[in-house]
Amino acid sequence: MTIFDSRKTEYKNPVSAIAVNEKVKLRIIVSRSLNCSGARLAVFKDGEDTVFYDMFWAGMCGDDCEFWELHFSATTEGLYFYHFELSTPWGVSCVKKGSCGLGVLDAQGGEFQQTVYSADFKTPDFLKGGIIYQIFPDRFYNSGKKKTGVPKSRVIKKWGEEPVWDERLMNGLWNNDYFGGDLKGVEQKLGYLKELGVTCVYLNPVFEANSNHRYDTADYEKIDPLLGNEDDLRSLCKKAKSAGIAIVLDGVFSHTGCDSKYFNMYGNYGGAGAYNSKESPYFSWYKFTEYPEKYRCWWGIKLLPEVEEENAGYREYICGENGILRKWLRCGISGWRLDVADELPDIFLDDLRRAVKAESENAVIIGEVWEDATNKISYGSRRRYLLGKQLDSVMNYPFARAVLDFVRYGGADGFFDAVMTVVENYPPCVLNILMNHIGTHDTMRAITSLAGENPEGRGRQWQHEHNLLSPENYKIGVEKLKMASLIQYTLPGVPSLYYGDEAGMQGMKDPFNRACFPWDNINAELHGWYKRLGEMRKGCAAFSDGRFEKVFSSHGAIAYTRTAENGEVLVAVNNSPETVDVYVGEQWDNSYNFFEPVSKDGYIRLDPYRYTVLSK
């Protein structure tokens, strides 16, 4: 008999983070052979002393075991850690955290985590049950609209050519090749996005900058001229809204470009920047160690001087009543994705949330955090992103790794361990709107991750030579991508589709993962597949906020359910070379099936590398 399992409601209910003053029921099942005369919960808030709570004896569990229980709640939000202690004739025995959420009689084990969030924490509903589509603006679609004010230094290439990767071809100007994708191009393709079931578009940076990725902001107040202008963004937001699609912008607030009106290293902007004069209104935004040539910069990249986010003037410029955040919300966007959110200090994130929510309570704030965002330590401090005062959601890298690793290598238990860790630790209102990607502008293309060679430690020359899969591996990649996307689209949260994955785009790391959308060469099989996934999500209410529960786990086979008040869905996947009979229970017999395998007498027979989705 398992003594404790933090991932099963028989032992912990609910299996999730809890709000302030919300009760969680904790139960342990103790063998009678231990002669337990008492049990208690040992719990401490992060950084504080341990507090002990007596548990009560709640009856027998069979002939050989007994229940000990209590309800725990907390009066303040924060991160709490706990274990159990048993009083026995041989002394105190500790029940600590082992693998996969299981309790073990081991004093050297780990502590269980209980996240407690603010009781008034709410997240926007518009993302729930939907689909996010990420667009790298320069590479999605060129409307053909004539642009004005475009710097002559920019190299405009023919659509579909390979992004420049060889520094010898850059003449010292990195990321200076452009293909002309623009905001009007996104607007013209809204119908295409609607067919995929997209409900939100996340745009990589659109503000004026001097690199094609635009993470080196030159002016937060202007749209980059190659993308269009403010009226184009207003038009896009208006027409997208009428199509049921929200627009979310990328906010890059930890650094600016050195070639910007704020720093102005090259004197390309009117007025004095921080680099030009200590009297500049922007001088206090930056940290110089030896003026003007030595300054703190992002990851040591001199082109990206870091901003002092604690600076009151900078915070007012970004978060003030007429600041950057509210300016663009008034333009019609529905929220912000925050670049390197774990490098933004608490004081800035606190101000940012107040500004965004004051302008629009239903605007979303999504942070770029690559680890578990509930217990992340950054710059020596525990962060509080998801306790109700900062972020609404994060980019879900733990899910991305779990999905890609499972589909490429197998390992059902590892998959469920990663997924359940997030389910346990995140507030439900966050869990339902997590940005669930399996590829972004910062990673390899999903199909390449699943069927290509590993580029780690390899230079751009090697990546260029191995950027495209062989025809045989591409075919394998298509099948693997279908399996990965099925899982991605059915886990808690919101799937985020990186532009072109549905078209079969391949690519190693930056810049190969940022190629032009192949409008004249879309993989029809994958495109049809993603449309089907979009229809499935739209037709099943359980994907909005349904509870997640593991049903089956064995080697390369998994099954899980999503259960809501008005519907339930079961997903079963066999990622192994053997046929597997997956037991799911007779209640799934005669259910509606989205794919061919069905349940018979409580079993789903899955051939190698097959899957199904049942609904009732």
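The first residue in the sequence is number 1, and the count goes up from there.
Side-chain polar atoms of Asn311 and Ser284 form a donor-acceptor pair below 3.5 angstrom. Inspection of the Tyr317 and Glu221 side chains reveals an N or O donor paired with an N or O acceptor under 3.5 Å. Side chains of His437 and Gln134: a donor-acceptor N/O pair is absent below 3.5 angstrom, by distance only. Using a 3.5 Å distance cut-off with no hydrogens or angles, the side chains of Ser254 and Glu306 do not pair a donor with an acceptor. Gln114 and Lys12 share a side-chain donor-acceptor pair at under 3.5 Å. Defined by atom type and a distance below 3.5 Å, a donor-acceptor pair is present between the side-chain atoms of Trp298 and Glu343. Remark: the Asn362 side chain and the Ser360 side chain contain no N/O donor-acceptor pair separated by less than 3.5 Å. Between the side chains of Asn13 and Tyr11, no donor-acceptor pair is found at a separation under 3.5 Å.
Using a distance-only test at 3.5 Å, with no hydrogens or angles considered, a donor-acceptor pair links the side chain of Tyr295 to the main chain of Lys302. Of the possible polar contacts, one joining the Asn575 side chain to the Phe406 backbone as a donor-acceptor pair under 3.5 Å is found. Judged purely by atom type and a 3.5 angstrom limit, Ser260 has no side-chain atom pairing as donor or acceptor with the backbone of Thr256. In this structure, His255 contributes its side chain and Tyr215 its backbone to a donor-acceptor pair below 3.5 Å. In this structure, the side chain of Asp417 does not engage the main chain of Asp413 through any donor-acceptor pair within 3.5 Å. In this structure a side-chain-to-backbone donor-acceptor pair under 3.5 Å is missing from Arg337 to Leu249. When atom types are taken as modelled, the side chain of Tyr220 and the backbone of Val252 share a donor-acceptor pair closer than 3.5 angstrom. Side-chain atoms of Thr123 come within 3.5 Å of backbone atoms of Cys429 as a donor-acceptor pair (strictly under, hydrogens ignored). Here the side chain of Ser280 pairs a donor or acceptor atom with the backbone of Tyr282 at under 3.5 angstrom. Looking only at distances, a side-chain donor or acceptor of Gln488 sits under 3.5 Å from a matching main-chain atom of Asn436.
Rounding to the nearest 0.5 Å gives a distance of 7.0 Å between CD of Glu371 and CZ of Arg401. Distance CD1/Ile29 to CD1/Ile3: 9.0 Å, rounded to 0.5 Å. To the nearest 0.5 Å, the span separating CD on Gln113 from OG1 on Thr374 amounts to 4.0 Å. Rounded to the nearest 0.5 Å, atoms CG (Leu203) and CG (Asp250) are 9.0 Å apart. Here Asn396 contributes atom CG and Trp370 contributes atom CH2; the two are 12.5 Å apart, rounded to the nearest 0.5 Å. Between Asp350 atom CG and Leu344 atom CG the span is 11.5 Å, to the nearest 0.5 Å.
Salt bridge present: Arg326 and Glu359 bring a charged side-chain N and a carboxylate O closer than 4.0 Å. Under a 4.0 Å N-O distance rule, the pair Arg32/Glu66 qualifies as a salt bridge.
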### Task
Could you go through the salt bridge (Lys or Arg N to Asp or Glu O under 4.0 Å) check for Arg40 and Glu85 one step at a time?
CA-CA 5 Å; Arg40 61 181 184 172; Glu85 296 185 359; 3.1 Å; yes
### Task
Could you give me the CA-CA distance, side-chain angles and deciding distance for Glu77 and Arg384, then say whether salt bridge (Lys or Arg N to Asp or Glu O under 4.0 Å) is met?
CA-CA 9 Å; Glu77 68 261 17; Arg384 48 183 176 84; over 6 Å; no
### Message
Go through it in stages, so that I can follow the logic: the residues are Arg315 and Glu309, the test is side-chain contact (heavy atoms from CB on, under 4.5 Å), and I'd like the CA-CA distance, side-chain angles, deciding distance and then a yes or no.
### Response
CA-CA 6 Å; Arg315 285 189 285 119; Glu309 300 96 340; 5.6 Å; no
### salt bridge (Lys or Arg N to Asp or Glu O under 4.0 Å) assessment of Asp342 paired with Lys376
CA-CA 8 Å; Asp342 55 356; Lys376 166 86 174 183; 3.2 Å; yes
### Task
Any chance you could lay out the side-chain contact (heavy atoms from CB on, under 4.5 Å) test for Asn322 and Lys327, step after step, and finish with the verdict?
CA-CA 6 Å; Asn322 294 303; Lys327 167 183 169 65; over 6 Å; no
### Query
Arg562 and Glu568: salt bridge (Lys or Arg N to Asp or Glu O under 4.0 Å), yes or no, with the steps?
CA-CA 6 Å; Arg562 299 291 308 282; Glu568 186 172 12; over 6 Å; no
### Query
Are Ile366 and Leu338 close enough, and set up right, to give a side-chain contact (heavy atoms from CB on, under 4.5 Å), and what steps lead you there?
CA-CA 6 Å; Ile366 304 171; Leu338 304 181; over 6 Å; no
### Task
Kindly indicate, with the supporting measurements, whether the criterion side-chain contact (heavy atoms from CB on, under 4.5 Å) is fulfilled by Val569 and Thr561.
CA-CA 6 Å; Val569 174; Thr561 55; over 6 Å; no
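Two rings, from Tyr262 and Trp285, have their centers less than 6.0 Å apart. Between Tyr53 and His71, a ring centre-to-centre spacing not shorter than 6.0 Å is recorded. In summary, the aromatic rings of Trp336 and Phe253 are positioned with their centroids under 6.0 Å apart. A ring-centre distance under 6.0 Å is not found for Tyr498 and Phe136. Taking the six-membered ring wherever Trp is involved, the centroid distance between the rings of Phe112 and Phe4 falls below 6.0 Å. Taking the centre of each ring, Trp328 and Phe207 come in below the 6.0 Å mark. Outside the 6.0 Å centre-distance limit, the rings of Tyr489 and Phe543 are not counted as a close aromatic pair. If you look at Tyr426 and Tyr117, their ring centroids are not closer than 6.0 Å. Taking the ring centroids of Tyr583 and Phe552, they lie at or beyond the 6.0 Å cut-off. Separation of the Phe52 and Phe44 ring centroids does not fall under the 6.0 Å cut-off.
Taking a 6.0 Å sphere around CH2 of Trp90, one finds it holds more than 12 heavy atoms contributed by other residues, nucleotides or ligands. For Lys45, the NZ atom counts as densely surrounded, since its 6.0 Å shell holds more than 12 non-hydrogen atoms of other residues, nucleotides or ligands. Residue-environment remark: NZ (Lys8) stays at or below the threshold of 12 foreign heavy atoms within 6.0 Å.
Using a 4.5 Å heavy-atom cutoff, the side chains of Cys200 and Val248 are in contact. Within the 4.5 Å cutoff, the side chain of Leu431 has heavy atoms near those of the Val422 side chain. Side-chain contact between Ile487 and Phe415 is present, with heavy atoms from C-beta onward closer than 4.5 Å. Side-chain contact between Tyr286 and Tyr291 is absent, with no heavy-atom pair separated by less than 4.5 Å. Within the 4.5 Å cutoff, the side chain of Ile558 has no heavy atoms near those of the Val551 side chain.
The residue from Arg353, Arg383, Arg382 that alone fulfils the salt bridge (Lys or Arg N to Asp or Glu O under 4.0 Å) condition with Asp346 is Arg383. Looking at Lys128, Lys122, Lys357 one by one, the single match for salt bridge (Lys or Arg N to Asp or Glu O under 4.0 Å) with Asp392 turns out to be Lys357.
Using cut-offs of 30° and 60° on the angle between ring planes, the pair Tyr560 and Phe548 is tilted.
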